[in-house]
Amino acid sequence: MSTKPNTCIRIAICDDDEKDALHLSSCVDDQETRIYYGTDSLLKDLEENGIHYDLYLLDIYIDDSMNGIELAKRIRTIDREAIICFISSSDAFYREAYDLYAVQYLLKPVEPEALKQLLERVSLSISRNREMHLAFKWRGQTGTIPYSKILFISSREHTMYIQCEDGTVQECRGKLNEMEQQVQGNVFLRCHQSFLVNMYQVDRLNGNELMVSGHCIPISRRYYANVRNRYQEILFEEVD
């Protein structure tokens with residue numbers, strides 16, 4: 001049985017079909033929701049008004065200047081942490097959705113239970129990113145960094161480098177093996193002797209590399225199967 005998410009989720013619904021949009025809104029009426037009937041108004045709020053949402057429910061076939069796939073690409077450039085779910089009457093764009101790191105792909109008519117399960121997953125993800133921090137020590141100083149702000153951790157000799165999404169790099173002393181034991185394995189994954197990657201920051205799995213915010217992170221043969229499986233789980237994982 002599904003339970004009500006315990007985290008308030010801000011949701012943007014973008015669908016030019018009023019009936020479908022209102023149906024989606026009614027299924028998530030216990031959350032903070034706004035309906036957009038076109039892509040221009042949503043992008044204006046994001047780009048000009050600085051409004052951001054936790055979850056974007058995007059219709060694939062939007063009768064506007066761009067379709068849902070193109071809209072998602074624009075949203076990704078503005079809000080890298082956005083959680084995107086595509087809504088469609090066809091599964092023709094499933095591959096594109098997968099490549100865009102969509103959390104879900106739901107077919108119309110959307111079942112209320114499917115949306116409730118999605119909200120549970122989003123709620124857990126938000127709670128996890130808000131609560132988990134990585135502790136570090138450097139030159140006698142201690143500090144913490146939220147998991148959600150870390151792209152990956154690399155190691156060279158006895159120094160580790162924490163690459164953050166804002167472009168900063170925090171150095172700390174230690175071994176990557178010890179760091180691997182410290183961090184949550186369902187968030188950070190070893191992909192190479194010298195790299196731990198935040199799997200929720202991965203943009204794409206490209207052959208033997210992970211693309212993370214413009215960085216190409218190598219995947220060793222030893223870790224490839226585990227990384228691939230976890231990547232796929234995160235893309236379309238099911239609620240237990």
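Predicted model, so just to flag it, every value in this text is computed and none were measured. Worth knowing before you read on, the calculation uses all heavy atoms, side chains too, and leaves out hydrogens, waters and symmetry mates.
Side-chain contact check for C191 versus I217: some heavy-atom pair is nearer than 4.5 Å. Side-chain atoms of N208 and P218, non-hydrogen and from C-beta on, never get closer than 4.5 Å to each other. Considering only heavy atoms from C-beta on, I87 stays 4.5 Å or farther from L58 through its side chain. Side-chain contact between F188 and Y147 is present, with at least one heavy-atom pair separated by less than 4.5 Å. Looking at heavy atoms from C-beta onward, I162 lies out of side-chain contact with V169 at the 4.5 angstrom threshold. At least one side-chain heavy atom of V28 sits less than 4.5 Å from a side-chain heavy atom of L119. Y53 places none of its side-chain heavy atoms less than 4.5 Å from the side chain of I83. Contact check for E165 versus Q201: side-chain heavy atoms found under the 4.5 Å cut-off.
Comment: D166 does not engage K149 in a salt bridge, judged by the lack of any side-chain N to carboxylate O separation of less than 4.0 angstrom. By the 4.0 Å N-to-carboxylate-O rule, R74 lies close enough to E47 to be salt-bridged with it. Using a cutoff of 4.0 Å between basic side-chain nitrogens and carboxylate oxygens, D59 and K108 are scored as salt-bridged. By the 4.0 Å N-to-carboxylate-O rule, R34 lies close enough to D45 to be salt-bridged with it. In summary, R230 and E233 engage in a salt bridge, as defined by a charged side-chain N under 4.0 Å from a carboxylate O.
Counting only N and O atoms by type, the side chains of Q193 and R222 include no donor and acceptor under 3.5 Å apart.
Taking every heavy atom of both residues into account, A135 and T144 meet most closely at CA-CG2, 4.1 Å. Shown here for M199 and V227, the closest heavy-atom pair between the two residues is CE-O, 3.8 Å. The two residues L151 and S213 make their nearest non-hydrogen contact at CD1-CB, 3.8 Å. Contact detail for Y224 and L205: the closest heavy-atom pair is OH-CD2, 4.3 Å. Looking at every heavy atom in both residues, V212 comes nearest to D203 through C-OD2, 3.7 Å. Closest non-hydrogen pair, L71 versus C14, comes out as CD2-SG, 3.8 Å.
The line from CG of L196 to CG of L189 is 8.0 Å long, rounded to the nearest 0.5 Å. Within the model, atoms CG of L55 and CD of Q31 stand 9.5 Å from one another, a figure rounded to the nearest 0.5 Å. Note that CD1 of I35 and OG of S41 are 11.0 Å apart. Values are rounded to the nearest 0.5 Å. For the atom pair L115 CG and I11 CD1, the distance stands at 8.0 Å (nearest 0.5 Å). The OG atom of S220 sits 12.5 Å away from atom CG of N226, with the distance rounded to the nearest 0.5 Å.
Hydrophobic clustering, with ILVMFWY side chains joined whenever heavy atoms are under 4.5 angstrom apart, groups I51 together with L42. Both Y61 and L107 are assigned to one and the same hydrophobic cluster, defined by single-linkage of ILVMFWY side chains at heavy-atom distances under 4.5 Å.
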Pair S194-R156, side chain to side chain donor-acceptor pair (under 3.5 Å): steps then yes or no: CA-CA 7 Å; S194 302; R156 188 167 63 250; over 6 Å; no
Stepwise side chain to side chain contact (heavy atoms under 4.5 Å, CB included) check, K137 with R173: CA-CA 7 Å; K137 294 182 179 181; R173 299 293 290 179; over 6 Å; no
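The aromatic ring centroids of H215 and F152 lie less than 6.0 Å from each other.
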